[in-house]
Amino acid sequence: MAIFTGAGVALVTPMNDDGSVNYKKLEEILEFQISNGTDAIIICGTTGEASTLSDEEHLECIRFACEVTKKRIPVIAGTGSNCTDSAVYLSQEAEKFGVDGLLLVTPYYNKATQNGLKAHYQKIAGSVKVPIILYNVPSRTGTRIAPQTVVDLCREVPNIVGVKDATGDISEVAEVMSLADGCVDLYSGNDDQITPVLSLGGKGVISVLSNILPQETHDIVASFMAGDVEKSRQMQLKYFDLIKALFCEVNPIPVKKAMNLMGMEVGSLRLPLTEMEEANAKRLADAMIKAGITLK
């Protein structure tokens with residue numbers, strides 16, 4: 001059984017003015033997500049600026065999310081690293097907090113071979129019992145999990161259950177699903193490909209868009225799953241310009257700006273990420289207004 005079906009939010013990590021994690025605001029946005037139809041919380045992923053959190057902050061955010069969520073919806077923790085032993089440590093600690101799943105990014109910078117990726121994931125999976133979703137995002141990591149490797153891991157390792165595909169290559173998604181024969185739970189890692197991925201047998205999306213439109217992103221998936229493919233298609237296209245604006249600078253720069261424009265006050269970013277350029281901020285604000293979002 002899949003960890004979740006639907007739209008899981010790749011949650012931002014809100015910051016105080018001094019750059020520390022704002023846990024009061026984190027609780028607010030967790031409750032906002034739960035009350036607005038989100039199907040799962042993905043904490044400390046790319047959108048959560050996990051790469052600039054200390055291990056202590058990283059684990060505290062995971063623990064806090066589990067405590068606030070109280071099993072109302074699944075919590076999936078990003079615990080990947082380019083160091084296998086570090087990923088094992090983070091994963092084991094997250095499991096102790098009661099997470100429902102782990103999201104493990106491919107090792108970055110090292111550029112492991114496919115055999116290296118298999119060994120990396122097998123070691124982490126063998127150290128925990130909680131189910132694992134692989135995270136394939138070569139544009140960030142420089143490493144791509146080949147379709148056959150995805151399928152082999154899901155077929156051979158009991159607690160590796162699926163993949164978040166952020167390759168942007170719909171043909172590669174189709175190849176994974178053609179090889180999988182049902183053994184891979186597939187999630188879109190791109191908000192502009194939710195409906196296409198669902199059409200190939202996907203379970204849903206791990207979404208940046210959900211930070212600002214949780215109910216609507218949920219509905220894109222739920223409509224498709226209920227058989228209303230046309231509604232899902234229309235919603236996918238309705239928010240196309242907004243999705244493009246949310247990625248006109250590197251994530252999570254635009255989505256944090258969008259949340260602040262909505263009055264959600266999630267704070268700034270940690271270096272080396274910087275505030276959005278003025279022209280791009282205007283593009284984002286215009287796309288939000290066009291999508292029917294009220295700015296504060």
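Just so it is clear, the model here is predicted, and its values are computed rather than measured. Because only heavy atoms are used, hydrogens play no part in the values below, and waters and symmetry mates are left out as well, while side chains stay in.
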Next item on the list: Quick one: do F64 and E27 satisfy side-chain contact (heavy atoms from CB on, under 4.5 Å)? Show the steps, please.
Entry: CA-CA 8 Å; F64 188 82; E27 181 174 8; 3.9 Å; yes

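- The closest side-chain donor-acceptor pair between S210 and T38, if any, does not fall under 3.5 angstrom.
- At a threshold of 4.5 Å between non-hydrogen side-chain atoms, the residues I253 and K257 do not count as touching.
- Here the side chain of Y121 pairs a donor or acceptor atom with the backbone of T106 at under 3.5 angstrom.
- Side-chain atoms of C248 and M276, non-hydrogen and from C-beta on, do get closer than 4.5 Å to each other.
- Under the 3.5 Å distance criterion, with hydrogens and angles disregarded, no donor-acceptor pair is assigned to the side chains of N115 and T113.
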Next item on the list: Apply the test side-chain contact (heavy atoms from CB on, under 4.5 Å) to residues R283 and K244: give CA-CA distance (whole Å), side-chain angles for both, the deciding distance (0.1 Å), then the verdict.
Entry: CA-CA 10 Å; R283 174 185 172 184; K244 288 301 182 186; 3.7 Å; yes

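- Remark: I3 CD1 to I133 CD1 distance equals 4.0 Å, nearest 0.5 Å.
- A 4.5 Å side-chain heavy-atom check between T274 and L269 finds every atom pair outside the cut-off.
- With hydrogens and angles disregarded, a donor-acceptor distance shorter than 3.5 Å links the side chain of R155 to the backbone of A180.
- A pairwise comparison of heavy atoms in L271 and T52 identifies O-CG2, 3.7 Å as the closest pair.
- If you chain together hydrophobic residues whose side chains sit under 4.5 Å apart, M264 and L295 fall into the same group.
- Under the 4.5 Å side-chain heavy-atom criterion for grouping Ile, Leu, Val, Met, Phe, Trp and Tyr, V137 is not connected to I160 through any hydrophobic cluster.
- In terms of heavy atoms, P14 sits closest to V12 at CD-O, 3.6 Å.
- Following chains of ILVMFWY side-chain contacts shorter than 4.5 Å, one cannot reach I76 starting from L53, and the two form parts of different hydrophobic clusters.
- Under the 4.5 Å side-chain heavy-atom criterion for Ile, Leu, Val, Met, Phe, Trp and Tyr, V161 and V99 are members of distinct hydrophobic clusters.
- Note on K238 versus E216: no salt bridge recorded, every NZ/NE/NH1/NH2 to OD/OE distance being 4.0 Å or above.
- Taken to the nearest 0.5 Å, the NZ atom of K123 stands 6.5 Å off from the OG1 atom of T84.
- N211 contributes atom CG, which lies 8.5 Å from atom CG of L209 (distance to the nearest 0.5 angstrom).
- For the pair N16 (side chain) and G267 (backbone), a donor-acceptor distance under 3.5 Å is absent.
- No donor-acceptor pair under 3.5 Å is formed between the side chain of E175 and the backbone N or O of P147.
- If you chain together hydrophobic residues whose side chains sit under 4.5 Å apart, I132 and I62 fall into the same group.
- E95 contributes a side-chain N or O that, together with a main-chain N or O of K129, makes up a donor-acceptor pair within less than 3.5 Å.
- Once rounded to the nearest 0.5 Å, the distance linking CG of L261 with NZ of K256 reads 14.0 Å.
- Here the side chain of R270 pairs a donor or acceptor atom with the backbone of G19 at under 3.5 angstrom.
- At a threshold of 4.5 Å between non-hydrogen side-chain atoms, the residues K282 and E278 do not count as touching.
- With sequence neighbours excluded, the residues that form a side-chain contact (heavy atoms from CB on, under 4.5 Å) with D241 are K290.
- Other residues, nucleotides and ligands contribute more than 12 heavy atoms inside 6.0 Å of the CD atom of E230.
- Judged by distance alone, with hydrogens and angles left aside, the side-chain atoms of D39 form no donor-acceptor pair with the main-chain N or O of G8 at under 3.5 Å.
- Shown here for K203 and V221, the closest heavy-atom pair between the two residues is O-CG1, 4.2 Å.
- N136 places no side-chain N or O within 3.5 Å of a backbone atom of R144 that could act as its donor or acceptor partner.
- A distance of 9.0 Å separates CE in M177 from SG in C183, rounded to the nearest 0.5 Å.
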Next item on the list: Please report the C-alpha distance between Q193 and V205 in whole Å, then the side-chain angles of each, then the deciding distance to 0.1 Å, and finally whether the side-chain contact (heavy atoms from CB on, under 4.5 Å) criterion is met.
Entry: CA-CA 9 Å; Q193 293 183 343; V205 60; over 6 Å; no

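- Other residues, nucleotides and ligands place no more than 12 heavy atoms under 6.0 Å from the CD atom of E277.
- D191 places none of its side-chain heavy atoms less than 4.5 Å from the side chain of Y239.
- At distances below 3.5 Å, not a single donor-acceptor pair connects side-chain atoms of Y187 with backbone N or O atoms of G162.
- Heavy-atom contacts from other residues, nucleotides or ligands closer than 6.0 Å to CG of D17 number 12 or fewer.
- Taking Q114 as the reference, L117, I145, A146, T149 meet the side-chain contact (heavy atoms from CB on, under 4.5 Å) condition, with sequence neighbours excluded.
- Between N22 and E28, the closest side-chain pair of non-hydrogen atoms is not below 4.5 Å.
- The minimum heavy-atom distance between C66 and G98, with the atom names listed, is SG-C, 4.1 Å.
- L26 has its side chain out of reach of T13: every pair of non-hydrogen atoms, C-beta onward, lies at least 4.5 Å apart.
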Margin query: Apply salt bridge (Lys or Arg N to Asp or Glu O under 4.0 Å) to residues E156 and K118 and explain how you reach the verdict.
Written below: CA-CA 10 Å; E156 296 167 9; K118 284 186 177 182; 5.1 Å; no

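- Stacking of K164 on the aromatic ring of Y135 is recorded, both the 6.0 Å distance cut-off and the 45° axial limit being met.
- For the pair S223 and K231, the tightest heavy-atom approach, listed with the atom from each and the gap, is OG-CD, 3.3 Å.
- For the pair S199 (side chain) and P196 (backbone), a donor-acceptor distance under 3.5 Å is present.
- Put simply, the side chain of N251 does not reach to within 4.5 Å of the side chain of L246, judged on heavy atoms.
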Note to self: Could you go through I170 and V197, starting from their C-alpha distance and side-chain angles, then the distance that decides it, and tell me whether this counts as side-chain contact (heavy atoms from CB on, under 4.5 Å)?
What the structure shows: CA-CA 7 Å; I170 202 71; V197 167; 4.0 Å; yes

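- D100 and P74 get closest at one heavy-atom pair: OD2-CA, 3.3 Å.
- The line from OG of S178 to CG of L200 is 9.5 Å long, rounded to the nearest 0.5 Å.
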